[in-house]
Asker: 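Dropping the structure in here first, questions after.
Quick caveat: nothing in here was measured; it's all calculated off a predicted structure. Numbered from 1 within each chain, the chains take letters A, B, ... in sequence-line order.
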Amino acid sequence: MITLNEGQYAAVTAPDGPALVLAGAGSGKTRVIIERLAWLVGERGVNPRHLLALTFTNKAADEMRRRLALRLGVDRVSAWLGTFHAFGLFLLRREIDRLGRSKSFTVFDDRDQLSLMKRLVKDLPSTCAAVSPREALTWISHLKQRADEPLAGEAGDDAEKTFRLLWARYHEALDRISAVDFDDLLVLLVRLLKEHPDVQEKYQRRYRHILVDEYQDTNHAQYLIAKLLSRGHGNLFVVGDEDQSIYSWRGADINNILDFARDFPDALVYRLEQNYRSTKPILEAANAVVSHNRNRLGKKLWAAADAGEAVRFFLAGDGEEEAHFVVADLVKQRFAPKQVAVLFRTNAQSRLLEEALRKKGIHYIVVGGIKFYGRKEIKDIVCYLRLLVNPADDESLRRVLNVPPRGIGGASFERIEAYATMRGLPLFQVLREIETDDTLAMRARNAAAAFVRLVDDLALEAKTSALAPLTESLIERIGYRGYVEKSDEKDFRIEIIDEFVSSCAQYDVAEGKGLQEFLQDLALVSDTDDYDPEQPAVTLMTCHSAKGLEFDYVYLVGLEEGLLPLVRDYDYDADVEEERRLCYVAMTRARKGLTLSAARSRVLYGRTEERRVSRFVEEAGTAVSPCADRGRAPAKKKAPEAASADPAKMKTGTRVRHAKFGPGTVMYTKGSGDKLKARIRFQTGRTALLMVKQAPLEILEG
DNA sequence: GAGCGAAACGAGGAT
DNA sequence: CGTTTCGCTC
């Protein structure tokens with residue numbers, strides 16, 4: 001283990017072979033990668049085409065590209081810099097036919113996945129356990145990412161059986177329209193490299209040096225990709241910080257970084273512990289919090305700068321008061337808006353802050369939240385465009401067949417669908433033949449025929465036309481603007497449509513790629529990509545989105561038990577260590593000033609709830625001082641809970657009583673022993689997944 | 001089948 | 001509280 005300080009990047013970057021750089025927050029992590037790339041090109045004379053640098057966001061890749069070009073003094077860098085998912089898409093476009101799949105494939109984004117899964121859950125036989133579409137997608141995603149492990153033979157509990165059934169149906173639906181989802185972009189790439197040694201060798205030769213940023217957030221499939229590509233030359237250079245691993249819910253495996261040295265025995269391991277970003281008080285507070293974690297390699301960051309204002313804590317009466325305090329404070333302190341970020345755990349918290357800022361006439365931007373490309377208007381248009389490329393895309397057709405309304409309602413659609421299922425045909429094929437079907441209403445028949453003509457015409461136009469004019473003529477022909485104009489917020493929605501057309505025009509100019517590539521790329525665009533920190537506005541975003549960014553002044557709001565750390569319903573299984581890391585990430589975004597806040601009560605789902613101050617505030621210790629003229633509320637003791645029920649007696653159908661929710665019935669259980677969880681449907685109609693050992697439950701006899 | 005108001009349902013984080 | 005679905009009427 002080699003610990004390095006200022007100006008010693010060169011030592012890190014020189015050797016060949018596997019290397020891990022453990023770089024604390026604000027220690028110049030990106031700089032290490034830039035220096036390494038520059039050294040390889042400048043000193044070793046490596047052709048940039050042989051370099052592959054993988055990141056987690058487009059934003060990080062763009063930043064890297066910009067800085068490397070600057071460092072090398074060139075206009076354009078020909079190294080491959082981008083996200084894992086973009087790299088997967090890039091290689092699959094070239095090689096997916098080796099897996100016996102069509103080269104023209106659709107990329108599903110999370111909304112596509114969700115709407116498909118919603119339908120599949122709805123169509124489930126009534127004997128299946130009740131699961132939510134989200135749960136199912138998460139379950140499938142986690143299992144898929146394991147990539148190389150065979151399926152466990154036995155089916156497990158009721159919920160798992162349902163998940164497996166949904167998995168099969170989900171992939172049937174995807175295969176039918178040759179679509180791939182986010183995980184497939186990685187998993188199919190792993191398969192390609194594993195099953196086709198010639199392909200693996202080709203890309204090993206092409207990419208002589210592989211660099212991975214944010215290594216702590218890699219999942220198993222990403223780990224395999226890095227490993228498979230670097231086998232042979234061993235030049236795998238990864239940079240990360242185990243204290244900033246905040247994506248386990250997305251499948252990230254912190255063990256990839258914790259076990260790197262064991263996994264690559266000849267690896268060199270470096271530490272960067274000097275922080276150039278934050279003042280001493282901020283760093284002390286953040287260190288104090290994260291030092292409560294046990295599962296870490298252990299680093300002690302120290303500040304380059306000695307002086308600095310103390311970290312403050314403000315306790316508000318409720319959420320409104322908290323938001324008001326933040327806004328009044330940043331005005332009082334005369335911070336320039338672009339110096340300030342307000343960070344929160346959940347997107348729902350942004351509303352109060354937006355209102356408070358609007359009231360004072362302060363400019364702000366919300367990063368994340370409802371994504372531009374996720375808007376209904378854009379999804380509608382995109383689904384039409386997909387249909388032009390692939391008329392057999394039933395999923396897209398389902399969405400747009402009656403948008404705007406053209407007289408094909410639920411009843412007609414069900415008839416068409418039943419017919420398609422019976423004959424095993426795509427829906428569009430059935431629509432083509434519909435004129436001969438006299439069981440359908442004349443209105444629906446005519447509408448369907450017009451729809452077929454529309455798609456055919458535009459598909460023809462797509463062959464010769466550029467993207468923007470094509471999209472414009474689509475919008476024209478379906479009368480989409482007129483349709484939107486009849487609704488609320490019409491100006492805003494028209495603006496979104498116009499913005500989409502202009503983004504098509506930009507793509508026409510910049511990429512010179514076709515409609516299909518455009519549609520595939522769209523799925524990978526994220527909202528943080530075009531975030532511009534130079535705008536004269538206060539930045540509002542989640543702690544997750546803030547990773548990799550820095551601000552002069554940071555307000556971290558909602559430091560309450562249940563919110564940060566977040567605990568969902570009665571799911572006591574929450575991973576507090578990851579929440580602590582998230583808190584650490586948020587705190588270390590601040591350069592000069594950090595203010596923490598919480599509220600004594602907060603409105604949730606329209607109901608007011610009492611809150612307790614987060615344990616993280618206390619853990620930050622003496623580095624944090626209460627805000628002037630407001631005392632800190634006495635930390636209330638947690639109310640004693642009713643004795644918990646015996647997990648062994650929990651079976652499907654067991655009648656129970658919950659201290660808060662009242663009587664209910666166990667729908668299914670999962671896990672075992674003390675970790676047994678039960679999904680319970682209460683008489684009130686709501687269901688909850690409870691840790692039996694900890695929830696205030698009693699078993700009712702009979 | 002479309003359109004509207006009422007009721008039910010639902011929000012963790014996001015490539 | 002905000003959004004989606006339901007169910008009734010035209």
Side-chain angles (χ1 to χ4, degrees), chain A residues 54-61 82-89 107-111 113-115 118 122 132-135 137-138 141 145 181-186 214 217-219 221-222 246-252 319 343-352 355 367-371 373-374 376 402-413 440-444 447 483 486-488 521-529 541-547 558 562-569 571 574-575 578-579 581-582 585-586 602-608 684-687:
Chain A
L54 297 166
T55 62
F56 278 78
T57 61
N58 293 319
K59 175 87 186 155
T83 64
F84 270 97
H85 288 86
F87 182 66
L89 178 56
V107 181
F108 258 37
D109 67 18
D110 54 342
R111 288 194 163 225
Q113 289 180 294
L114 196 59
S115 60
K118 271 185 181 162
K122 209 178 270 176
S132 78
R134 255 291 157 233
E135 274 180 308
L137 285 171
T138 305
S141 170
Q145 284 172 11
D181 65 14
F182 282 137
D183 296 318
D184 291 330
L185 291 174
L186 307 176
E214 309 280 14
D217 286 327
T218 48
N219 62 31
Q222 288 162 329
I246 55 176
Y247 281 104
S248 76
W249 52 272
R250 217 170 66 182
L343 306 182
F344 37 79
R345 179 64 179 81
T346 67
N347 279 311
Q349 288 168 264
S350 80
R351 221 191 73 247
L352 291 176
E355 276 166 19
V367 181
I370 315 138
K371 283 181 224 136
Y373 290 104
K376 178 188 179 305
N402 205 30
V403 176
R406 51 167 66 89
I408 308 174
S412 298
F413 183 75
L440 272 187
M442 203 40 143
R443 180 155 64 144
Y483 164 63
K486 281 185 273 180
S487 63
D488 332 332
D521 288 347
L522 264 193
L524 298 186
V525 176
S526 97
D527 201 49
T528 43
D529 290 351
M541 63 171 121
T542 63
C543 301
H544 281 90
S545 305
K547 196 174 77 159
L563 196 54
L564 186 59
L566 185 82
V567 179
R568 220 184 146 187
D569 278 342
D571 191 353
D575 184 355
E578 179 148 316
E579 294 293 310
R581 291 192 292 269
L582 185 59
V585 167
R602 188 175 289 277
V603 178
L604 266 140
Y605 285 101
R607 287 154 69 114
T608 306
T684 56
R686 80 175 284 182
T687 75

Asker: Can you find a side-chain donor-acceptor pair between A/Q349 and A/T346 that sits under 3.5 Å?
Answerer: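 Result is yes, a qualifying pair exists.
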
Asker: Determine whether a donor-acceptor pair (N or O, by modelled atom type, separation under 3.5 Å) exists between the side chain of A/Q222 and the backbone of A/F84.
Answerer: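 Looks like no, no N/O pair under 3.5 Å.
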
Asker: Short question: side chain of A/D183, backbone of A/Q145 - any donor-acceptor pair under 3.5 Å?
Answerer: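 Such a contact is absent between A/D183 side chain and A/Q145 backbone.
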
Asker: Distances under 3.5 Å only, N/O to N/O: pair up the protein atoms with those of nucleotides 13-15 of chain B.
Answerer:
residue, atom, partner, partner atom, Å
B/dG13, OP1, A/N347, N, 2.4
B/dG13, OP1, A/N347, ND2, 3.2
B/dG13, O4', A/R345, NH1, 3.2
B/dG13, N3, A/W249, NE1, 3.2
B/dA14, OP1, A/T542, OG1, 3.1
B/dA14, OP1, A/S545, OG, 2.9
B/dA14, OP2, A/N347, ND2, 3.3
B/dT15, OP1, A/S526, OG, 3.3
B/dT15, O3', A/F56, O, 3.2
B/dT15, O2, A/H85, NE2, 2.9

Asker: Taking A/L524's backbone N and O only, do any of them form a donor-acceptor pair with A/N58's side chain (distance below 3.5 Å, no angle check)?
Answerer: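 Answer holds: yes.
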
Asker: When the C1' atoms of C/dT4 and B/dG13 are compared, how many Å lie between them, rounded to an integer?
Answerer: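 Those two atoms are separated by 23 Å.
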
Asker: Mind checking the C1' distance from B/dG12 to C/dT5? Whole angstroms is fine.
Answerer: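 24 Å, rounded to whole Å.
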
Asker: Please give, in whole Å, the distance from B/dA11 C1' to A/F344 CZ?
Answerer: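 Nearest whole value for this atom pair: 13 Å.
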
Asker: Measuring from atom CG of A/L563 to atom CZ of A/R602, what distance do you get when rounded to the nearest 0.5 angstrom?
Answerer: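 Reported to 0.5 Å precision, the distance equals 5.5 Å.
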
Asker: Anything under 3.5 Å between a protein N or O and an N or O of nucleotides 1-8 of chain B, put it in a table, one pair a line.
Answerer:
residue, atom, partner, partner atom, Å
B/dG1, OP1, A/S412, OG, 2.5
B/dG1, OP2, A/A411, N, 3.4
B/dG1, O4', A/R443, NH2, 2.8
B/dA2, OP1, A/G407, N, 2.8
B/dA2, OP2, A/N402, ND2, 3.1

Asker: How would you list, by chain and number, every residue that makes a ring pair (Phe, Tyr, Trp, His ring centres under 6.0 Å) with A/Y373, sequence neighbours excluded?
Answerer: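 Partners of A/Y373 by the ring pair (Phe, Tyr, Trp, His ring centres under 6.0 Å) criterion come out as none, since no residue qualifies.
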
Asker: Mind checking what makes ring pair (Phe, Tyr, Trp, His ring centres under 6.0 Å) contact with A/H85, not counting sequence neighbours?
Answerer: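 For A/H85, the residues satisfying ring pair (Phe, Tyr, Trp, His ring centres under 6.0 Å) (neighbours in sequence not counted) are A/F182.
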
Asker: Does the side chain of A/L89 come within less than 4.5 Å of A/D521's, by heavy atoms?
Answerer: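 Touching, per the 4.5 Å side-chain cut-off.
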
Asker: Suppose we screen for side chain to side chain donor-acceptor pair (under 3.5 Å). Which residues come up paired with A/D109, at least two apart in sequence or across chains?
Answerer: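 With neighbours one apart ignored, the set is A/K379.
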
Asker: Flag the pair A/D184 / A/F108 as yes when at least one side-chain heavy-atom distance between them is below 4.5 Å, and no otherwise.
Answerer: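 No, side chains not in contact.
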
Asker: Under 4.0 Å from any heavy atom of chain A: name the first and the last nucleotide of DNA chain C that qualifies, 5' to 3'.
Answerer: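 First and last nucleotides in contact are C/dC1 to C/dG2.
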
